[in-house]
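The sequence lines fix the lettering, A, B, ..., with proteins before strands; numbering per chain opens at 1.
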There are 2 protein chains.
Amino acid sequence: METPEDTDRGRKPGRPRSAESQRAILEATSRLLDSMPVRALTIEGVAKAAGVGKPTIYRWWDSKCALVMDVFLAKTAAQVPIKETGPVVAALSEHVLRVIAMLRGRAGQIVAEIVGEGQAEPHILEEFRERFFLRLLAPARATIERGKQTGELPPDLDTDLAMDLIYGPIYYRLLVGHQPLDKPFARSLAARVATTLQT
Amino acid sequence: METPEDTDRGRKPGRPRSAESQRAILEATSRLLDSMPVRALTIEGVAKAAGVGKPTIYRWWDSKCALVMDVFLAKTAAQVPIKETGPVVAALSEHVLRVIAMLRGRAGQIVAEIVGEGQAEPHILEEFRERFFLRLLAPARATIERGKQTGELPPDLDTDLAMDLIYGPIYYRLLVGHQPLDKPFARSLAARVATTLQT
DNA sequence: AATAAAACGTTACGGATCGTTTCGTAATAT
DNA sequence: ATATTACGAAACGATCCGTAACGTTTTATT
């Protein structure tokens with residue numbers, strides 16, 4: 001989202017950007033996303049639903065994907081809480097359960113659709129990595145680091161690799177869709193955290 | 001690819017389907033894919049490059065993705081060989097190395113692009129799962145089953161889960177792109193096969 | 001040899017959507 | 001009062017979709 005850089009409140013002459021229009025755009029996009037896939041969403045459709053001109057949308061967002069990303073991140077807690085005290089393995093196991101629960105349903109679909117669109121637009125994928133994946137998984141990463149400090153985990157553990165070993169199977173299922181993100185899977189994966197990190 | 005069902009050689013009257021046109025379409029698509037992403041490929045572009053009419057392409061393939069899939073699968077060995085004797089862990093470790101090597105470069109990009117397009121077209125994703133993923137990973141799955149038979153692996157091991165634990169991180173990196181599919185990663189992942197399967 | 005049938009390449013079609021431009025109007029700073 | 005900017009509406013040229021129309025070519029059938 002490209003916010004106007006009026007730091008010293010509207011110093012420039014001319015009509016100010018309409019926050020109301022912006023809100024209408026976000027709201028219309030959110031509503032439309034409830035009933036159609038990202039691919040079917042169009043800027044023209046959003047403009048019509050929001051009662052707004054197309055140029056106004058383009059004034060705020062570069063592309064459909066950028067808009068969808070903002071809407072998704074606004075309505076989705078982009079950070080799943082993790083227990084910051086106690087055994088790190090238990091904290092991570094629970095985090096795995098919560099991440100899987102979060103990716104079940106429409107939220108997971110949208111994540112998959114954005115990543116899908118991102119295959120054709122690298123900068124979208126990069127932005128989504130930073131704004132979603134990095135943020136979502138940051139607490140888990142920090143917890144692994146903590147475990148290396150406390151001695152609960154091997155100090156030479158490769159954190160990047162460990163993160164991929166734990167969370168890779170989740171996104172594999174989400175994106176390829178060969179198996180469901182159901183509770184048995186979640187429990188099995190959570191139960192594996194210990195052996196994955198400690199051996 | 002929709003082949004004509006002329007089992008008893010061209011029994012129907014009328015001009016037969018032109019195998020030459022089909023070849024030209026496949027060849028043109030392959031050539032175009034070397035210099036542009038799947039998203040940028042168009043049926044009109046292929047028709048022009050192949051010296052063929054659009055309707056002829058639609059006679060053979062339902063959609064751009066179906067065509068791309070055929071081209072990709074034709075030029076890519078959709079099955080990475082695996083050693084069928086000896087220790088199963090060693091066989092699987094080597095298979096992991098080979099799969100990662102295969103997904104490095106343009107082939108991996110196309111896999112990611114097809115999966116990406118598949119997020120908006122479920123039937124495409126399903127077809128690609130069956131024709132690429134299932135086929136590529138079938139030998140590994142069979143090897144795990146063999147290990148359960150020989151006692152090298154726990155007999156109650158969940159094969160589906162095991163497959164995702166091993167291969168999930170690979171596709172996670174391929175599709176999200178947060179880390180490279182480089183050789184250190186490949187070696188680390190291969191080295192982890194034993195502990196992943198045996199504990 | 002004549003006829004019917006089917007695929008061919010070409011061309012054109014209506015439709016959707018893109019991202020931009022133009023226009024007259026509204027809102028703000030100077 | 002004037003300059004400046006955003007606004008909504010409308011229209012633009014462009015691209016690509018998937019299909020249809022047309023005359024031509026190739027085959028099986030009669």
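A salt bridge links A:K75 to A:D34: at least one charged side-chain nitrogen sits closer than 4.0 Å to a carboxylate oxygen.
When each of D:dG8, C:dC8, D:dT27 is scored by its nearest atom to the side-chain atoms of B:P16, the top-ranked nucleotide is D:dT27.
If you look at A:Y172 and B:Y172, their ring centroids are not closer than 6.0 Å. Residues B:F128 and B:F133 bring their aromatic ring centres within 6.0 Å. B:H95 and B:Y167 have their aromatic ring centers within a separation under 6.0 angstrom.
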Report, one line per pair, each donor and acceptor closer than 3.5 Å where one atom sits in a side chain of residues 47-54 of chain A; sequence neighbours left out.
unit_1: A:K54; atom_1: NZ; unit_2: A:E44; atom_2: OE2; d: 2.8

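Under the 3.5 Å distance criterion, the side-chain polar atoms of B:R192 are matched with a main-chain donor or acceptor of A:T196.
Counting to the nearest Å, the P atom of C:dA6 and the CZ atom of B:R15 are 15 Å from each other. A straight line from CD of A:Q22 to P of D:dA6 spans 14 Å, rounded to a whole angstrom. Between the NZ atom of A:K48 and the C1' atom of D:dG8 there is a distance of 13 Å, given to the nearest Å. If you measure from atom CD1 of B:I57 to atom P of C:dT11, you get 16 Å, rounded to the nearest angstrom.
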- Reading 5' to 3' through nucleotides 9-20 of chain D, protein heavy-atom contacts under 4.0 Å coded B for base, S for sugar-phosphate only, - for none: B------SBBBB
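Side-chain N/O atoms of A:S21 include one lying less than 4.0 angstrom from OP1 or OP2 on D:dG8.
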